[in-house]
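Remember, it's 1-based here, ligands and their atoms both numbered in the order they're listed. Position 1 is the first residue of the sequence, and the numbers go up from there.
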Amino acid sequence: MGLFVSFEGIEGCGKTTQIHLAADSLVKRGIPCLRTEEPGGTTLGRKLRETLLNRGPFILYPETELLLFTAARAQHVREVILPALEEGKVVLCDRFADATLVYQGYARGLDIEVISFLDSFVTNSLKPNMTLLFDLPVEVGLNRARERIARLNLASREDRFEEEDLAFHKKIREGYLLLAHQEKDRFRVIDAAGSINDLQNTVRFHIDKLVNRE
Ligand code: Z5A
């Protein structure tokens, strides 16, 4: 069985930059790995991602949003993640079930117990071996995200969550820190205010430690 590592954090925390660098580093060293993302990672997941992240001509209610994120996950776990783990790969996943607890639970206010039940159903109780949480003041993350969005064309902005107010994003940060506090063995909290290079050294340190422990 391989190893499953998830990357989490507020918008603009730099996790996507880091997951690409971490995957490149594993590939260069001949360690079999798979980089994937949520929502996304499968053909169905990419279709759902479009609906979930782009502003549409309809209201997406929190309950609908929850079911679409978890539907994408059910497909992703079975089609991509479990087969890669069975092949012994290190699976690096940009967001996983913690994102649902934090965004749909702590921030949107849906029942945490319902979300936990739904998530253990869709993931078949699969949990990451390690979760890297990139922690950063919300204002810094949103500035980074807005600069990135401004560089993109209108069709691919994926900015539906970006329009939420500061209080929403602060709840996300607090929610993640609470989860990290509750599951200290699984989470590694990384100060994401550092340079891309410094962060990559920290990420590599944690991943190598996990890989070499096995
Ligand atoms: N969501 C949900 O609600 N429920 C769920 O169950 C799941 C997701 C799975 C999409 O996630 C949205 O879906 C997300 C939560 C919700 N909404 N929000 N917010 P996503 O992960 O695809 O999108 P994202 O959170 O907006 O992440 P991102 O766009 O991939 O950004 P990032 O990973 O945080 O950062 P980045 O792309 O690596 O960097 C952002 C910019 O900062 C970029 O221009 C970089 O060049 C720059 N950057 C990166 N690192 C640094 C450092 N160290 N210094 C300075 N600048 C940096």
Item to check | R146, K170, R144 screened by salt bridge (Lys or Arg N to Asp or Glu O under 4.0 Å) with E139, the one that passes | outcome: K170

With distance as the sole test, does [X] use its side chain to make a donor-acceptor pair with the main-chain N or O of [Y] at under 3.5 Å?
{"X": "T202", "Y": "D198", "value": "yes"}
{"X": "R29", "Y": "S25", "value": "yes"}
{"X": "T64", "Y": "L60", "value": "no"}
{"X": "N129", "Y": "F4", "value": "yes"}
{"X": "R78", "Y": "V122", "value": "yes"}
{"X": "R49", "Y": "P39", "value": "yes"}
{"X": "Q18", "Y": "Q200", "value": "yes"}

Checklist entry - Is there a chain of hydrophobic side chains (I, L, V, M, F, W, Y, each step under 4.5 Å between heavy atoms) that links L199 to F205? => result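 Different hydrophobic clusters.
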
Does an N or O from [X], backbone or side chain, lie closer than 3.5 Å to an N or O of ligand 1?
{"X": "H169", "result": "no"}
{"X": "S195", "result": "no"}
{"X": "G194", "result": "yes"}
{"X": "R148", "result": "yes"}
{"X": "A192", "result": "no"}

Checklist entry - Are R95 and F7 in a cation-pi contact, defined as NZ or CZ under 6.0 Å from the six-membered ring centre and within 45° of the axis? => result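 No, R95 does not lie over the aromatic ring of F7.
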
Give the residue and atom name of whichever protein heavy atom lies nearest to [atom], and the separation in Å to one decimal.
{"atom": "atom 22 (O) of ligand 1", "answer": "R49 NH2, 2.8 Å"}
{"atom": "atom 30 (O) of ligand 1", "answer": "T16 OG1, 2.5 Å"}
{"atom": "atom 56 (N) of ligand 1", "answer": "R144 NE, 3.5 Å"}
{"atom": "atom 44 (O) of ligand 1", "answer": "R151 NH2, 3.0 Å"}
{"atom": "atom 35 (O) of ligand 1", "answer": "G14 N, 3.1 Å"}
{"atom": "atom 2 (C) of ligand 1", "answer": "F69 CZ, 3.2 Å"}
{"atom": "atom 46 (O) of ligand 1", "answer": "T17 OG1, 4.4 Å"}
{"atom": "atom 12 (C) of ligand 1", "answer": "L53 CD2, 3.6 Å"}

Just checking, is any N or O donor in the side chain of [X] or [Y] under 3.5 Å from an acceptor N or O on the other one?
{"X": "T42", "Y": "R46", "value": "no"}
{"X": "T131", "Y": "S6", "value": "yes"}
{"X": "H169", "Y": "E164", "value": "no"}
{"X": "E8", "Y": "Y176", "value": "yes"}

Checklist entry - With a cut-off of 6.0 Å (strictly less than), are more than 12 heavy atoms of other residues, nucleotides or ligands near CD of E86? => result yes

Which is it for [X] and ligand 1 at heavy atoms under 4.0 Å: side chain, backbone, both or neither?
{"X": "L52", "answer": "neither"}
{"X": "A193", "answer": "neither"}
{"X": "R95", "answer": "side chain"}
{"X": "Q104", "answer": "side chain"}
{"X": "Q18", "answer": "neither"}

For [X], take its heavy atoms, then give the atoms of ligand 1 lying under 4.0 Å from any of them.
{"X": "E11", "value": "18 (N), 19 (N), 25 (O), 26 (O), 34 (O)"}
{"X": "E38", "value": "9 (C)"}
{"X": "L199", "value": "53 (N)"}
{"X": "T100", "value": "5 (C), 6 (O)"}
{"X": "C13", "value": "34 (O)"}
{"X": "I196", "value": "50 (N), 51 (C), 52 (C), 53 (N)"}

With a 4.0 Å cut-off on heavy atoms, does [X] reach ligand 1?
{"X": "K15", "answer": "yes"}
{"X": "R73", "answer": "yes"}
{"X": "A145", "answer": "no"}

Checklist entry - Checking side-chain contact (heavy atoms from CB on, under 4.5 Å) for the pair V5/H206: CA distance, chi angles, key distance, verdict? => result CA-CA 10 Å; V5 181; H206 288 304; over 6 Å; no

